[in-house]
A.B. asks: 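Below you'll find the structure I mean.
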Amino acid sequence: MIYHSTRNKKEKADSKEAILKGLCDDGGLFVSDRLREVSLDLNEISGLSYKETAKKIFSLLLDDYTEEELTAAVESAYTGSFDTESITPLSSIGDDFLLELYHGPTCAFKDVALQMLPQLMSKALKGSGKKILIVTATSGDTGKAALEGFRDVDDIGIIVFYPYKKVSDIQYLQMATQEGKNVEVCAINGNFDDAQSGVKRLFSSDACKKLSASGISLSSANSINIGRLVPQTVYYFESYKRLCHENIIKPGDEVDFCVPTGNFGDVLAGYYAKLMGLPVHSLIVASNENKVLTDFLTTGVYDRNREFRKTISPSMDILISSNLERMLYYISGGDCDLISELMRSLSETGRYEISPELLSKVQEIFKSGYANDRETKEAIRRAYNDTGRLIDPHTAVGYKVMRENKTEGIPCVLLSTASPYKFCKDVYEAIFDEKEKDSAGKDGFYYMEKLSEGTGTAAPESLRSLKSKPVIRKDLIDIEDMGGYILKKAHEDMIF
Ligand SMILES: *Cc1c(COP(=O)(O)O)cnc(C)c1O
């Protein structure tokens with residue numbers, strides 16, 4: 001399997017190089033023209049466990065890893081870290097299905113990929129004598145999932161920066177109690193954008209050059225890495241298998257998937273599964289009020305020149321959906337010149353437009369819709385009242401959009417991307433329609449208990465136990481000191 005840039009077929013890499021690099025030198029994303037030739041026989045995987053299916057898919061898409069490497073990586077990623085043997089269980093929500101992707105250590109779907117990526121990176125580094133320092137800015141969720149994935153992985157260290165006092169109580173405690181000998185967590189004086197620009201500047205800083213001279217390269221592990229994308233294809237196959245096992249469908253029948261979407265990574269993995277032969281009918285792309293994708297998928301115009309909205313589904317508050325570039329590459333039949341042109345237009349004007357012919361090809365597969373915050377809360381209440389299911393705000397956006405877009409007679413699987421207990425206050429208020437008049441002094445744990453009592457469900461152990469864990473990460477610095485901080489941590493405090 002040879003990977004190359006979406007913008008240029010000459011920039012090539014095998015999967016280990018692509019995983020270590022993340023992004024191509026020309027700014028494009030790594031893709032492989034052999035994806036359509038890879039076909040996974042559903043009969044062959046029918047009797048396999050999650051881990052075995054994962055290994056099978058990795059051996060096809062990441063074929064320069066040895067079988068031993070993949071076995072070891074899959075075992076480390078998925079043993080003991082998820083609270084269920086099936087990793088991503090499938091359950092019912094009314095007449096439809098919920099693919100529960102939140103059973104990992106941080107209770108959100110990013111765990112599925114971020115438990116695996118560090119293992120793949122570490123195996124790719126072996127024998128090179130090199131080390132990697134992951135630096136990431138987080139508004140709350142991704143940073144924690146990355147910390148859990150990279151903790152105690154050989155030859156890799158990780159530093160996560162978050163905006164001081166601007167993450168939720170629970171998110172703060174999740175990070176401030178983080179264990180692991182190769183991890184550091186640091187608050188910065190500023191907001192999330194400051195933290196993110198600070199991290200971007202680190203990549204061209206003196207600190208980066210100094211680290212590089214001692215064999216340590218910086219990396220960001222973000223969601224365009226194929227090492228994050230490939231693990232996400234696995235659960236599409238897994239959910240299909242389970243629908244077959246339960247006689248909901250027969251092998252070969254088509255299924256719809258509805259995906260709460262931000263950066264287009266999760267839904268792209270569904271498209272990859274379709275290209276690899278999974279009988280996917282439609283992929284329904286659900287957005288919140290930052291509905292760049294809904295507009296694009298209905299008009300063919302991608303336009304990020306609009307107001308950024310903060311919503312109650314914050315992990316989908318995104319105006320540039322980076323992974324869309326890969327979908328356009330495949331849909332256009334691998335037209336690198338077109339992709340380069342579109343992406344140049346996006347970076348120069350914030351906008352691009354595809355032809356009506358291309359748009360209709362896109363629309364054959366992708367449907368779309370969006371929900372504002374009011375509709376999202378209504379969907380949470382409705383799901384609970386009509387089906388007895390407790391869903392988080394991201395999943396609720398999907399629930400609303402699924403109901404508007406599903407096809408009669410075709411089963412629909414809704415990807416549930418976070419535990420409702422990560423967003424206790426919004427979920428509690430949505431269902432019980434109670435605004436606390438005096439919310440002062442009422443922290444995340446207060447709402448966790450209220451939600452648990454009110455619905456007779458239990459919060460995940462990893463969130464409940466935060467209350468009694470010691471806070472061990474107390475660093476707080478100014479933005480200007482980030483370079484000095486990573487140098488000191490990488491050298492003196494030996495996070496490696
Ligand atoms: C990241 C995230 C999403 C969006 O996934 P993308 O791959 O960025 O489209 C949806 N829900 C939750 C809870 C997330 O953390």
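For ligands, and for the atoms within them, numbers begin at 1 and follow the listed sequence.
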A.B. asks: Give the atom numbers and elements of ligand 1 that come within less than 4.0 Å of a heavy atom of M316.
C.D. replies: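 Listed by number with element, the hits are 10 (C).
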
A.B. asks: Is R309 paired with D373 through a side-chain N to carboxylate O contact shorter than 4.0 Å?
C.D. replies: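 Looking at R309 together with D373, the answer is no, because their closest N to O distance does not fall below 4.0 Å.
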
A.B. asks: If the plane angle is over 60° it's perpendicular, under 30° parallel, otherwise tilted; pick one for F432 and Y384.
C.D. replies: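 Ring orientation of F432 relative to Y384: tilted.
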
A.B. asks: Is it the side chain (CB and beyond), the backbone, both or neither of F264 that lies under 4.0 Å from ligand 1, heavy atoms counted?
C.D. replies: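 The answer is the backbone.
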
A.B. asks: Taking only Lys NZ, Arg NE, NH1 and NH2, and the carboxylate oxygens of Asp or Glu, determine whether E404 and K367 approach each other closer than 4.0 Å.
C.D. replies: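 K367 and E404: not salt-bridged.
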
A.B. asks: Hey, are D295 and R306 close enough for a salt bridge, meaning a charged N less than 4.0 Å from a carboxylate O?
C.D. replies: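 Yes, D295 and R306 are salt-bridged.
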
A.B. asks: May I ask you to check whether Y428 and Y421 place their ring centers less than 6.0 Å from one another?
C.D. replies: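 Not under 6.0 Å, so no.
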
A.B. asks: Starting from atom 2 (C) of ligand 1, find the nearest protein heavy-atom neighbour and note its residue, name and distance.
C.D. replies: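 Looking only at protein heavy atoms, the one closest to atom 2 (C) of ligand 1 is K110 NZ, 2.5 Å.
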
A.B. asks: Please identify which atoms of ligand 1 are closer than 4.0 Å to at least one heavy atom of A418.
C.D. replies: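 Near A418, meaning under 4.0 Å from one of its heavy atoms, ligand 1 has 13 (C).
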
A.B. asks: Just jot down the ligand 1 atoms closer than 4.0 angstrom to any heavy atom of G265, in number order.
C.D. replies: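 Those of ligand 1 that fall under 4.0 Å from G265 are 6 (P), 7 (O), 9 (O).
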
A.B. asks: With a 4.5 Å heavy-atom cut-off, do Y272 and Y236 have their side chains touching?
C.D. replies: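 With C-beta onward as the side chain, the pair stays apart.
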
A.B. asks: Identify the closest protein heavy atom to atom 7 (O) of ligand 1: which residue and atom is it, and at what distance?
C.D. replies: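 For atom 7 (O) of ligand 1, the nearest protein heavy atom comes out as D266 N, 2.9 Å.
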
A.B. asks: What's the shortest distance from atom 11 (N) of ligand 1 to any protein heavy atom, and which residue and atom give it?
C.D. replies: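 Sorting protein heavy atoms by distance from atom 11 (N) of ligand 1 puts T417 OG1, 2.9 Å first.
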
A.B. asks: Are any of the heavy atoms in T261 under 4.0 Å away from ligand 1?
C.D. replies: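 Per 4.0 Å heavy-atom rule, T261 contacts ligand 1.
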
A.B. asks: Please confirm whether P260 comes under 4.0 Å of ligand 1, counting heavy atoms of the residue only.
C.D. replies: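 True for this residue.
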
A.B. asks: Strictly distance-based, threshold 3.5 Å: is any side-chain N or O of S321 a donor or acceptor partner for the main-chain N or O of L324?
C.D. replies: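 No, because the side chain of S321 does not come within donor-acceptor range (under 3.5 Å) of the backbone of L324.
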
A.B. asks: Decide, yes or no, whether a salt bridge links E429 with K425 under the criterion of side-chain N to carboxylate O below 4.0 Å.
C.D. replies: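 A salt bridge links E429 with K425.
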
A.B. asks: Which is closest to atom 6 (P) of ligand 1 in terms of heavy atoms, D111, T142, N263?
C.D. replies: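 Shortest heavy-atom distance from atom 6 (P) of ligand 1: N263.
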
A.B. asks: Among all protein heavy atoms, pick out the one at the shortest distance from atom 9 (O) of ligand 1; state its residue, atom name and that distance to 0.1 Å.
C.D. replies: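 That would be G262 N, 2.7 Å.
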
